[in-house]
Amino acid sequence: MRKLVVLFAVMVGVIATAQRPGHEKGERENMKDLTLEQMATLQTKRMTLALDLTDSQQKQIQSINLEHAAHRMEKMDEMKERRESGERKILSAEERYSMQLAMLDRQIAEKEQMKQILNKDQYAKWEKLKLREGNRKGKRKEGRRERGMGK
């Protein structure tokens, strides 16, 4: 009888955790109410913990993270406006190319900035973190495709 009660309690816990509302949306849903400064500060603090940044490095990276947060917010607003206006047109090959080119240029610039700010060990660790982050994003996109949610 005791084993049955314990088994039932474990099953209820697992089911409750698995069906937590908003769980699949992840951290982005929680971040939507934050200001640009708050998002940049959180990102800088995470980097400080991961890379053991000095105070001057934190200040420099804070400004970079603020620029990135502003750019992301701008792009998200543009996409939201297009979606709400019903202007979800298919991009031409040239438009996709120019968007990819702009994104890669931003990534190259970010890499150069980080090379200027971080020492060699920190930079190597930062690159590993970025690579891991990119792999997680790719897996998320693959999962969305498998569930029929993405292109």
Side-chain angles (χ1 to χ4, degrees), residues 12-151:
V12 168
V14 168
I15 291 171
T17 303
Q19 295 184 0
R20 188 173 59 210
H23 177 69
E24 66 279 352
K25 294 179 183 171
E27 201 172 298
R28 287 186 186 180
E29 190 66 27
N30 299 332
M31 301 280 284
K32 73 177 184 180
D33 296 329
L34 298 178
T35 66
L36 296 177
E37 291 80 15
Q38 290 171 331
M39 285 189 275
T41 301
L42 289 174
Q43 181 66 22
T44 303
K45 294 290 183 183
R46 285 188 198 109
M47 289 178 72
T48 300
L49 287 172
L51 303 174
D52 195 28
L53 301 176
T54 65
D55 288 338
S56 64
Q57 287 174 324
Q58 286 181 46
K59 289 175 186 169
Q60 291 173 314
I61 289 177
Q62 172 74 18
S63 65
I64 292 171
N65 285 337
L66 187 58
E67 290 173 25
H68 290 221
H71 182 264
R72 279 193 313 272
M73 189 65 70
E74 180 183 313
K75 288 295 181 185
M76 286 172 39
D77 288 343
E78 286 175 14
M79 287 174 32
K80 187 177 180 181
E81 285 176 17
R82 265 192 269 142
R83 194 175 329 122
E84 288 173 352
S85 70
E87 189 185 319
R88 293 191 63 162
K89 67 174 186 167
I90 296 174
L91 299 176
S92 69
E94 186 63 33
E95 290 171 322
R96 283 194 312 268
Y97 172 74
S98 65
M99 286 176 62
Q100 288 286 321
L101 199 59
M103 181 187 68
L104 292 171
D105 286 341
R106 280 192 312 279
Q107 289 176 353
I108 290 168
E110 178 187 20
K111 216 172 186 183
E112 288 300 316
Q113 289 174 321
M114 289 301 174
K115 274 185 186 178
Q116 301 285 325
I117 297 170
L118 303 175
N119 65 35
K120 288 184 181 186
D121 293 336
Q122 290 171 327
Y123 182 76
K125 193 169 184 179
W126 176 78
E127 279 195 316
K128 285 181 187 176
L129 291 172
K130 292 300 269 185
L131 183 62
R132 205 174 330 160
E133 179 183 308
N135 287 339
R136 279 198 314 257
K137 284 181 182 177
K139 287 181 183 177
R140 262 197 313 256
K141 286 180 184 176
E142 287 173 11
R144 289 175 58 93
R145 284 187 199 119
E146 289 171 4
R147 292 188 307 260
M149 298 173 79
K151 290 185 177 183

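All residue numbers in this chain count up from 1 along the given sequence. Since this is a predicted model, take the numbers as computed values, not measurements.
- A salt bridge (Lys or Arg N to Asp or Glu O under 4.0 Å) with Glu127 holds for exactly one of Arg132, Lys111, Lys115; it is Lys111.
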Determine, stepwise, if the pair Glu78 / Lys75 fulfils salt bridge (Lys or Arg N to Asp or Glu O under 4.0 Å). CA-CA 5 Å; Glu78 286 175 14; Lys75 288 295 181 185; 3.8 Å; yes
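- For the atom pair CD of Glu133 and NZ of Lys130, the computed distance is 4.5 Å after rounding to the nearest 0.5 Å.
- Between Met39 atom CE and Thr44 atom OG1 the span is 12.0 Å, to the nearest 0.5 Å.
- Crowding of Met99 atom CE: a count of heavy atoms from other residues, nucleotides or ligands under 6.0 Å not exceeding 12.
- Listed here is the closest heavy atom pair of Leu129 and Leu51: CD1-CD2, 4.1 Å.
- Here the closest non-hydrogen pair linking Leu36 and Ala69 is CD2-O, 3.5 Å.
- Just one of Asp52, Leu42, Ile61 meets the side chain to side chain contact (heavy atoms under 4.5 Å, CB included) condition when paired with Met47; it is Ile61.
- Exactly one residue among Asn65, Leu118, Ile117 makes a side chain to side chain contact (heavy atoms under 4.5 Å, CB included) with Gln60. That residue is Ile117.
- Counting only residues at least two apart or in different chains, ring-ring contact (aromatic ring centres under 6.0 Å, His included) contacts with residues 100-123 comprise Tyr123-Trp126.
- Tyr97 has its side chain within reach of Glu94: a pair of non-hydrogen atoms, C-beta onward, lies under 4.5 Å apart.
- Side-chain contact between His68 and Arg72 is present, with heavy atoms from C-beta onward closer than 4.5 Å.
- Rounding to the nearest 0.5 angstrom, the gap separating the CZ atom in Arg82 from the CG atom in Asp77 is 11.5 Å.
- Between Glu37 and Gln62, the closest heavy-atom pair is O-NE2, 4.0 Å.
- Side-chain atoms of Gln122 and Gln57 include a donor-acceptor pair closer than 3.5 Å.
- Distance CD/Gln43 to OG1/Thr48: 10.0 Å, rounded to 0.5 Å.
- Separating the CZ atom in Arg46 from the OG1 atom in Thr41 is a distance of 11.0 Å, to the nearest 0.5 Å.
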